[in-house]
Amino acid sequence: MSSTLTTRQQDYAQWYNDIVLKGGLADYSAVRGCMVIKPYGYALWENMQAVLDKMFKDTGHQNAYFPLLIPKSFLSREAAHVEGFAKECAVVTHYRLKNDPNGGGVIVDPEAKLEEELIIRPTSETIIWSTYKNWVQSYRDLPLLINQWANVVRWEMRTRLFLRTTEFLWQEGHTAHATRQEAVEETRRMLDVYATFAEEYMALPVVRGVKTANERFAGAEDTYCIEALMQDGKALQAGTSHFLGQNFAKAFDVQFTDKHNNMDYVWATSWGVSTRLVGALVMAHSDDNGLILPPKLAPVQVVIVPIYKGPESHERINGKVNEIMNALKAKGIRVKYDSDDATRPGWKFAEHELRGVPVRIALGLRDIDNNQGEVARRDTKEKTVYPLDGIADAVEQLLKDIQAAMFQKALAYRTDNTTEVNSWDEFVRTLDEKPGFILAHWDGTPATEEKIKELTKATIRCIPLDNKLEDGKCILTGAPSIQRVLFARAY
RNA sequence: CGGGGAGUAGCGCAGGCCGGUAGCGUACCUGGUUUGGGACCAGGUGGUCGCAGGUUCGAAUCCUGUCUCCCCGACCA
């Protein structure tokens, strides 16, 4: 498994593929566009799930599960929604196979055609709202705050590991509220949950914003998002939260009686993040030696590598390592002892760097004699000798330092690669010479946004929520504008 | 879905034009020496050449179809 990665400079896309494959996160599968998430990658996702799940529950949500298969007719109940998803739906048409009478294995049994075809969910609004209709009668039934962890399928033309696959894992929250204001608040609350998660756990700074009409979710009144900047200067949408207004309530006739005995349609939200976050994590932090994982999410936070000469020294080191392991575990730190005799220390160092383990402790006889250990941090590759007394405290602190340093580094990168431009020339030149986020004036029309996309491939990622109002002129049309919006080329 | 490239041992590749029964590096197994940044020596295992058809006495090699991956484009919350 001698593996040298393609460098970011050589070929960024290939570097990303190399990291995902050689870092043991995922593998290609026999099915077009679908990937296998390997144990190490899945462990990362599980850590993300655990944190998010707790955040959802702390904000009052409960988990439930709705079917994978959705009657085809449901999709067309909401006009914008069907428009947005129809082109990428997998359709189930039959429910049985049979032996090929001509001996060619199994074939679809033509007699087992479904009366109504089923689609595999690309998202679950329709099946969920058809159900909510039966759950909501009174304002006392509201708010309805539900999340589901699920897989979805979207028949994408071009796929990339974690970033865009045909089937992917995600969570989707679907809530119903008595008032517009309450639903808007929920939409914003969950956006904040996502932003907090990205920044505090993934060490990934994000811009909170609202999407333009062009980029809005099919069926939403407003789509909020968090946008992150990757190391190649391209933007990645890391999470979305939608205010759905009464669109789905009307499409599925979900009404309730308020305190004054008036009937009204409920107000809705939906919000989701997916395994795409794993891709974001890779592209935001990793280097040419492999993954760099933030300590809070890393499946293994600390790895201990013994350096021994012969079995008796190995034994002696094992004893010391056990003490250190116990002290680290007592603090809830995920630690692994790599005492495998089949590979030598240099190999192990490279391997754990490839897999992004935040901290490595190397321990040899020389160290034990001096009551010390060599501690290496993955993010900076610095090596420091620590006294073994109190090493667990020191490592605990180091993990916090790494988490903070990773965020600061990513933030500094984003700051350095966010440019304000004031003219079309400057806009085009910046996209070419210094890719990243670009803040520029836009006249607010979908036509102009479309034209800019056509000319440059850059899209409006969002209108930042904390935007200051500022008079200016649209970089393309020169028409008056009241604020800058965030442009970038995106994944 | 259009254009280009690729699929031969776990991984990386050669062989293919010119058909003759598959090779290199690495990994793996055994034994020994080793172990502070991807160890060394010796011996060994492993492949219906992506899959399915066809041509041929004979196909990794030629022909047809098909699947998957990569790059570019179109597409895309």
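The sequence lines fix the lettering, A, B, ..., with proteins before strands; numbering per chain opens at 1. Heavy atoms only: backbone and side chains are in, while hydrogens, waters and symmetry mates are out.
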- Task: Could you give the distance separating rC67(B) and rU21(B) at their P atoms, to the nearest angstrom?
- Result: 33 Å

- So Phe66(A) and Tyr132(A), would you call those rings parallel, tilted or perpendicular, with 30° and 60° as cut-offs? perpendicular

- Could you tell me the separation between the NZ atom of Lys381(A) and the P atom of rG37(B), rounded to a whole number of Å? 13 Å

- Query: Of the nucleotides rU35(B), rU68(B), rG38(B), which has the atom closest to the Arg32(A) side chain?
  - Reply: rU68(B)

- Query: For atom C1', what is the distance between rC49(B) and rG7(B), given to the nearest Å?
  - Reply: 10 Å

- Query: What are the residues of residues 363-372 of chain A, sorted by number, that bring a heavy atom to within less than 4.0 Å of RNA chain B?
  - Reply: Gly364(A), Leu365(A), Arg366(A), Asp367(A)

- Message: I'd like to compare against my own output: the B/S/- annotation of nucleotides 70-77 of chain B with a strict under-4.0 Å heavy-atom distance to protein.
- Response: SSBBB-BB

- Message: Taking Pro67(A)'s backbone N and O only, do any of them form a donor-acceptor pair with Arg121(A)'s side chain (distance below 3.5 Å, no angle check)?
- Response: yes

- Would Trp271(A) and His61(A) count as a close aromatic pair, with their ring centres under 6.0 Å? yes

- Message: Can you say whether a donor on the side chain of Glu353(A) sits under 3.5 Å from an acceptor on the base of rG37(B), or the other way round?
- Response: yes

- Look at Glu353(A) together with Lys381(A) and state whether they make a salt bridge at an N to O cut-off of under 4.0 Å. yes

- Item | Nearest-Å distance for atom pair CG/P, residues Asp27(A) and rU68(B) | 16 Å

- Item | Donor-acceptor pair, side chain of Tyr65(A) and main chain of Gln148(A), under 3.5 angstrom | no

- Item | Thr93(A)/Glu117(A) under side-chain hydrogen bond (donor to acceptor under 3.5 Å, both in side chains): CA gap, chis, key distance, verdict | CA-CA 5 Å; Thr93(A) 57; Glu117(A) 291 161 342; 5.5 Å; no

- Sidechain N-carboxylate O distance under 4.0 Å for Arg360(A), Asp338(A): no

- Item | Whole-angstrom distance between rC18(B) and rG37(B), as gauged at atom C1' | 49 Å

- Parallel, tilted or perpendicular for Phe168(A) and Trp170(A), by the 30°/60° rule? perpendicular

- Task: Write down the distance between CZ (Arg316(A)) and P (rU35(B)), rounded to a whole number of angstrom.
- Result: 16 Å

List, with names and distances, any nitrogen or oxygen atoms from the protein found under 3.5 Å away from nitrogen or oxygen atoms belonging to nucleotides 41-45 of chain B.
none

- What one should report as the nearest heavy-atom pair of Asn289(A) and Asp287(A) is N-OD1, 2.8 Å

- Message: Tell me the interatomic distance from Leu5(A), atom CG, to rG12(B), atom C1', rounded to whole angstroms.
- Response: 14 Å

- Message: Is there a side-chain contact between Pro306(A) and Lys348(A) in this structure, where contact means two heavy atoms from C-beta onward sitting under 4.5 Å apart?
- Response: yes

- Query: Roughly how many Å is it from CH2 in Trp347(A) to C1' in rG37(B), rounded to a whole number?
  - Reply: 13 Å

- Task: Whole angstrom is fine here: how far is it from CG in Asp18(A) over to P in rC69(B)?
- Result: 17 Å

- Starting at CG of Asp338(A) and ending at P of rG38(B), how long is that distance when rounded to a whole Å? 16 Å

- Query: Touch check for Gly373(A), heavy atoms < 4.0 angstrom, all strands: base, sugar-phosphate only, or nothing?
  - Reply: nothing

- Note on the structure: Rounded to whole Å, the CZ-P distance (Arg344(A) to rG37(B)) equals 9 Å

- Query: If only atom types and distance count, is the side chain of Asn370(A) paired as donor or acceptor with the main-chain N or O of Gln372(A) below 3.5 Å?
  - Reply: no

- Query: Going by modelled atom types, is there a donor-acceptor pair between the base of rG36(B) and the side chain of Lys348(A) at under 3.5 Å?
  - Reply: no

- When you compare rC70(B) with rG50(B), how far apart are their C1' atoms, in angstrom units rounded to a whole number? 15 Å

